[in-house]
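Take a look at the structure set out below.
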Amino acid sequence: DVVASLVKNGFSKEAEYEADALGQRIAAASGYEAGALRRFLQRLGKDGGSGGLMSTHPAPADRLENLPDIGSSSVPKPAAIEARDARFRAATRS
């Protein structure tokens, strides 16, 4: 029943929008670019993004419309990510 519910019915639109917003914040806090999910959803909208497994998700345009703009400066980088970035910059200087 659980698999059938998730695959056939999916979650509510509100749950999907909440998952997008939370995933965006978690990814940004982990050091990924804050705008990556927004660009992914834009590409998904251009390349289709409907039918099959996507039929249980809101349309990419609706997900984009409901995705908060967190910007790049609103999510602090953990110290470990700052240290990794500094090592990378130092290693790639010519």
Side-chain angles (χ1 to χ4, degrees):
D1 279 350
V2 171
V3 173
S5 290
L6 292 178
V7 172
K8 289 183 179 179
N9 301 331
F11 291 103
S12 70
K13 284 185 178 184
E14 291 76 23
E16 294 278 359
Y17 300 147
E18 184 178 347
D20 285 344
L22 182 59
Q24 177 181 245
R25 290 196 58 74
I26 290 170
S30 299
Y32 291 93
E33 187 181 338
L37 179 58
R38 185 169 299 281
R39 285 193 313 279
F40 169 75
L41 290 172
Q42 288 168 339
R43 184 173 179 184
L44 188 62
K46 289 178 186 173
D47 293 343
S50 62
L53 289 175
M54 294 304 298
S55 65
T56 62
H57 294 275
D62 293 338
R63 293 172 70 184
L64 276 166
E65 193 174 298
N66 286 279
L67 189 65
D69 184 13
I70 64 170
S72 60
S73 62
S74 65
V75 180
K77 286 188 175 182
I81 294 171
E82 292 286 355
R84 180 202 63 200
D85 290 350
R87 285 193 311 271
F88 177 80
R89 283 191 303 276
T92 57
R93 284 191 193 130
S94 303

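All of these numbers come straight from a predicted model, not from anything done at the bench.
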Does some side-chain heavy atom of D62 sit less than 4.5 Å from a side-chain heavy atom of Y17?
-> yes
Give a yes or no on whether I26 and L37 share a hydrophobic cluster (residues Ile, Leu, Val, Met, Phe, Trp, Tyr; joining criterion: side-chain heavy atoms under 4.5 Å apart).
-> no
Is it the case that one hydrophobic cluster holds both L64 and F40, taking links as side-chain heavy atoms less than 4.5 Å apart, direct or via other members?
-> yes
Indicate the atoms forming the closest heavy-atom contact of P58 with R63, along with that distance.
-> O-CD, 3.4 Å
If you measure from NZ on K46 to CD on Q42, what distance do you get to the nearest 0.5 Å?
-> 6.5 Å
Specify the closest pair of heavy atoms between P60 and L41, including all atoms of both residues, with the distance to one decimal.
-> CB-O, 3.5 Å
Carefully, step by step, assess N66 and E16 under the rule side chain to side chain contact (heavy atoms under 4.5 Å, CB included).
-> CA-CA 10 Å; N66 286 279; E16 294 278 359; over 6 Å; no
Partner set under salt bridge (Lys or Arg N to Asp or Glu O under 4.0 Å) for R89, not counting sequence neighbours = none
